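Below is one structure; the comments refer to it alone.
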There are 2 protein chains.
Amino acid sequence: MPSDQRRIQPRKQPRQVRAELTRQRILTAAAHVFADHGYAAGTTNRIAERAGISIGSLYQYFPNKDAILAELLTRHLDDGTAAAAKVLTGPLPDSIEDVLRVFVRLAVEAHLDDPHLLRMLIEQAPRSDELLERVGRVKRAMVGHTRALLEGHPEVRVADTATAARLVIATVELAVHDLLAEPDPIDARRLEDEMVAMLTRYVTG
Amino acid sequence: MPSDQRRIQPRKQPRQVRAELTRQRILTAAAHVFADHGYAAGTTNRIAERAGISIGSLYQYFPNKDAILAELLTRHLDDGTAAAAKVLTGPLPDSIEDVLRVFVRLAVEAHLDDPHLLRMLIEQAPRSDELLERVGRVKRAMVGHTRALLEGHPEVRVADTATAARLVIATVELAVHDLLAEPDPIDARRLEDEMVAMLTRYVTG
DNA sequence: GTCTATACGCCGATAGAC
DNA sequence: GTCTATCGGCGTATAGAC
């Protein structure tokens, strides 16, 4: 009964695959548009245009403009935490300098993809309570991990580990994304070296 | 001839004084509105309302919304450079640690006034070419001064002074404003101490 | 499921009365 | 010089044809 087979698997289920692909196209387009024009001036019409679809179709995949940004932010956060988790499960280097280098490199790599998108995400994201909460939770988790790492490492001499952890996280996150997003971007390798040197000397001082 | 005197100085020149006062009221209102809602959502109607005047009157003092933001940014930049210039004309301390402390304290004090306004200015300001250019010039000047200072100081051992200067400026500027603008702001004194410690150990390493 | 056309609201800016 | 009332435009989101 070929007719039955056709009803059960109509054209090898193209629906969800194509749909997810279109969502991805929209997200990619939005990333570029937001990065170029900022959130406010990055209109849905522009996004649709760049994605090669009409504005009407766009609204079949996302309920509104904010949802697009939220998804973009969520994916970035998830990528970051996944990468961090992967590093944390494996064995870390012994020397604090090498440990710090691992994390600095993580931050640099995360920002090398598209510094301008990241800048927009961090700076222009509409500060809805829910998004702020989510970002805050991730940040607090990172600070917590950093503090534990500082307190558990024999080379570390810094006294106020609470303040130190906040300072380290803020420095890495912000300086990396700022220096890489500048019109004349700093060399990533040099940035990593100097940043690691600064942090190492700080926490072992 | 009393009539002549009245024509020359009508009611002890109230015009410019009151006008400047109103301009200031508008700027203050705008600072609060922008800080609370961001630039895009900080509407001119809200600004006028908070300033206690009508929307029509507001447009007698500023040609458009962008001009209000530009003035806000200009004043902040001018304040900062003036404070820096004042410090640079006087004698600087001998030890590099104390020199760094002077500049870190400058940054902290500049941000203590209204961290949220500053955050908005830096982050959400519409990046018009002219404003970007002005900010960039100030930043480059600071980096230049810092680099010269690093190269001229006997205690400093860091090799790549170009990268180091950029890193120092970015770190101070961004970490200070971020950590002070957080929902649970860091203690300003501790921030200063730890930041100075970090930078000192870095450049003398 | 994709399109075009358009409704709707909001905001910056202006006109014109007082 | 300050106000109220309103214009013009843009941008999100929807309706409805195909």
Side-chain angles (χ1 to χ4, degrees), chain A residues 10-72 120 124-126 128 131, chain B residues 10-73 120 124-128 131:
Chain A
R11 307 187 192 174
K12 48 177 168 171
Q13 56 199 5
R15 268 208 341 260
Q16 307 210 11
V17 175
R18 270 196 66 83
E20 184 51 37
L21 208 105
T22 305
R23 274 181 70 89
Q24 190 54 54
R25 285 174 54 81
I26 295 171
L27 287 173
T28 305
H32 281 107
V33 171
F34 286 155
D36 288 350
H37 301 88
Y39 182 72
T43 68
T44 48
N45 278 308
R46 263 188 214 277
I47 295 172
E49 187 187 8
R50 200 180 219 281
I53 61 173
S54 74
I55 179 65
S57 295
L58 184 149
Y59 277 93
Q60 286 216 332
Y61 293 89
F62 292 92
N64 53 52
K65 185 179 170 178
D66 280 6
I68 302 177
L69 182 81
E71 176 95 18
L72 238 31
M120 188 281 306
Q124 317 216 338
S128 83
L131 286 188
Chain B
R11 307 188 192 174
K12 48 176 165 173
Q13 56 199 7
R15 268 207 342 259
Q16 308 208 9
V17 175
R18 270 196 63 84
E20 183 52 38
L21 208 104
T22 305
R23 273 182 70 89
Q24 189 54 54
R25 286 173 53 80
I26 294 171
L27 287 173
T28 306
H32 281 107
V33 171
F34 286 155
D36 288 350
H37 302 87
Y39 182 72
T43 68
T44 49
N45 277 308
R46 263 188 215 277
I47 295 172
E49 187 186 9
R50 200 181 218 281
I53 62 173
S54 74
I55 179 65
S57 295
L58 184 147
Y59 276 92
Q60 285 218 333
Y61 293 89
F62 292 92
N64 53 50
K65 184 180 170 178
D66 281 4
I68 302 179
L69 183 81
E71 177 95 20
L72 239 31
L73 183 66
M120 187 282 306
Q124 318 217 336
R127 311 181 165 283
S128 85
L131 286 188

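The model shown is predicted, which means the values in this text are computed figures rather than measured ones. First the proteins, then the strands, lettered A, B, ... as listed; each starts at 1.
Of the side-chain N and O atoms in A/S54, none sit less than 4.0 angstrom from OP1 or OP2 of C/dT4.
Heavy atoms of A/Y61 sit under 4.0 angstrom from primed sugar atoms or phosphate atoms, though from no base atom.
Residues A/N45 and A/L58 fail the side-chain proximity criterion, which asks for heavy atoms closer than 4.5 Å. Taking 4.5 Å as the limit, every side-chain heavy atom of B/F62 sits out of range of all side-chain heavy atoms of B/I47. Counting only heavy atoms from C-beta outward, the side chains of B/L27 and B/Y61 never approach each other to under 4.5 Å. Side chains of A/R46 and A/I55 form no contact here, defined as non-hydrogen atoms less than 4.5 Å apart. Taking 4.5 Å as the limit, some side-chain heavy atom of A/R23 sits within range of a side-chain heavy atom of A/E71.
Per the geometry, CD1 belonging to A/I47 stands 13 Å off C1' belonging to D/dA13, to the nearest Å. As a whole-Å value, the separation of A/H37 NE2 from D/dG11 C1' is 14 Å. With rounding to whole Å, B/L58 atom CG is found 14 Å from D/dT4 atom P. The separation between B/L21 atom CG and D/dG1 atom P is 13 Å, rounded to whole Å. Rounded to whole Å, atom P of D/dG1 lies 14 Å from atom CD of B/E20. Rounding to whole angstrom units, CG of residue A/L69 and P of D/dG11 are separated by 17 Å. Rounded to whole Å, the distance from CZ on A/R46 to C1' on D/dC10 is 12 Å. Taking atom CD1 of residue A/I68 and atom C1' of nucleotide D/dT12, one finds them 11 Å apart after rounding to whole Å.
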Point to revise | Base-contact (B) and sugar-phosphate-only (S) positions in nucleotides 12-17 of chain C, heavy-atom cut-off under 4.0 Å, - elsewhere | key: SBB---
Study note, to complete from the structure: A correct dot-bracket answer for DNA chain C, with pairs being Watson-Crick or G-U at under 3.5 Å, [ ] for crossing pairs and | for inter-strand pairs, is ||||||||||||||||||
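Although no hydrogens or angles enter the test, the distance criterion places a donor-acceptor pair under 3.5 Å between the side chain of A/T28 and the main chain of A/Q24. At distances below 3.5 Å, not a single donor-acceptor pair connects side-chain atoms of B/S57 with backbone N or O atoms of B/I53. Looking at A/R25, its side chain does come within 3.5 Å of a backbone N or O of A/A51 through a donor-acceptor pair.
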Practice item. Take B/Y39 and B/D66 through the side-chain contact (heavy atoms from CB on, under 4.5 Å) test and state the conclusion after the steps. Key: CA-CA 9 Å; B/Y39 182 72; B/D66 281 4; 2.3 Å; yes
